Amino acid sequence: MRFFINQDIGGYLQGLAKELEENSNSIRVELNRLEEAGMLKSSVKGRKKMYHVNSSHPLTTDISKIIRKVTGIDALVERVTANLPSLEQVWVCGDLARGLPSEYIEAILIGVDLDRSYIK
């Protein structure tokens, strides 16, 4: 399982709104502003608009480092997994588990009847 920090904001607007405890219109406005500023790119898949971090933007690396430093990996994992009530364990693996820099968090999620659409 990969939780993208630097590559994909990804997913569904409603899911972002729920995670951030904001209404979906506010999220949409901010995503559009970030896209206009060149920090995000978007693509359309069917009827869904997917937002991606613009890795060529000069501030991408600095902002990613600040977010990781302020929140910490445990806070990021907790925030993403908070909406999975049947989650029993989270095992961080990959480069971050070895203390190496990485653009994403690789994790193994253990639980019963986990919401696969939310995880995706």
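It should be emphasised that the depicted structure is a prediction, and the values quoted were computed from it without experimental measurement.
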Notebook entry, point to check: Are Leu34 and Leu59 co-members of a hydrophobic cluster defined by side-chain heavy atoms under 4.5 Å apart?
Noted result: yes
Notebook entry, point to check: Between OG of Ser26 and CD of Glu21, what distance do you get to the nearest 0.5 Å?
Noted result: 13.0 Å
Next item on the list: Report yes if the side chains of Leu109 and Thr81 come closer than 4.5 Å at any heavy-atom pair, otherwise no.
Entry: yes
Note to self: Just verifying a value: how many Å separate Asn83 CG and Tyr118 OH, rounded to the nearest 0.5 Å?
What the structure shows: 4.0 Å
Note to self: Assess whether a salt bridge exists between Arg33 and Glu36, defined as any Lys/Arg side-chain N lying under 4.0 Å from an Asp/Glu carboxylate O.
What the structure shows: no
Next item on the list: Return each pair, listed once, that meets salt bridge (Lys or Arg N to Asp or Glu O under 4.0 Å) where at least one residue sits in residues 107-116; pairs must be two or more places apart or across chains.
Entry: none
Notebook entry, point to check: If every non-hydrogen atom of Glu106 is compared with every non-hydrogen atom of Gly94, which pair is closest and at what distance?
Noted result: OE2-CA, 3.7 Å
Notebook entry, point to check: Do Leu31 and Ile27 come within less than 4.5 Å of each other through their side chains, counting heavy atoms only?
Noted result: yes
Margin query: Just to verify, what does Ser86 make a side chain to side chain donor-acceptor pair (under 3.5 Å) with, not counting sequence neighbours?
Written below: none
Checklist line | Heavy-atom check, side chain of Ile110 versus side chain of Leu87, under 4.5 Å | finding: no
Note to self: Test of understanding: with salt bridge (charged side-chain N to carboxylate O under 4.0 Å, His left out), list the residues that count as partners of Arg28, not counting sequence neighbours.
What the structure shows: none
Next item on the list: May I ask you to decide if Asn54's main-chain N or O and Thr60's side chain share a donor-acceptor pair within less than 3.5 Å?
Entry: yes
Margin query: If you compare all heavy atoms of Ala37 against all heavy atoms of His57, which two are closest, and at what distance to 0.1 Å?
Written below: O-NE2, 3.7 Å
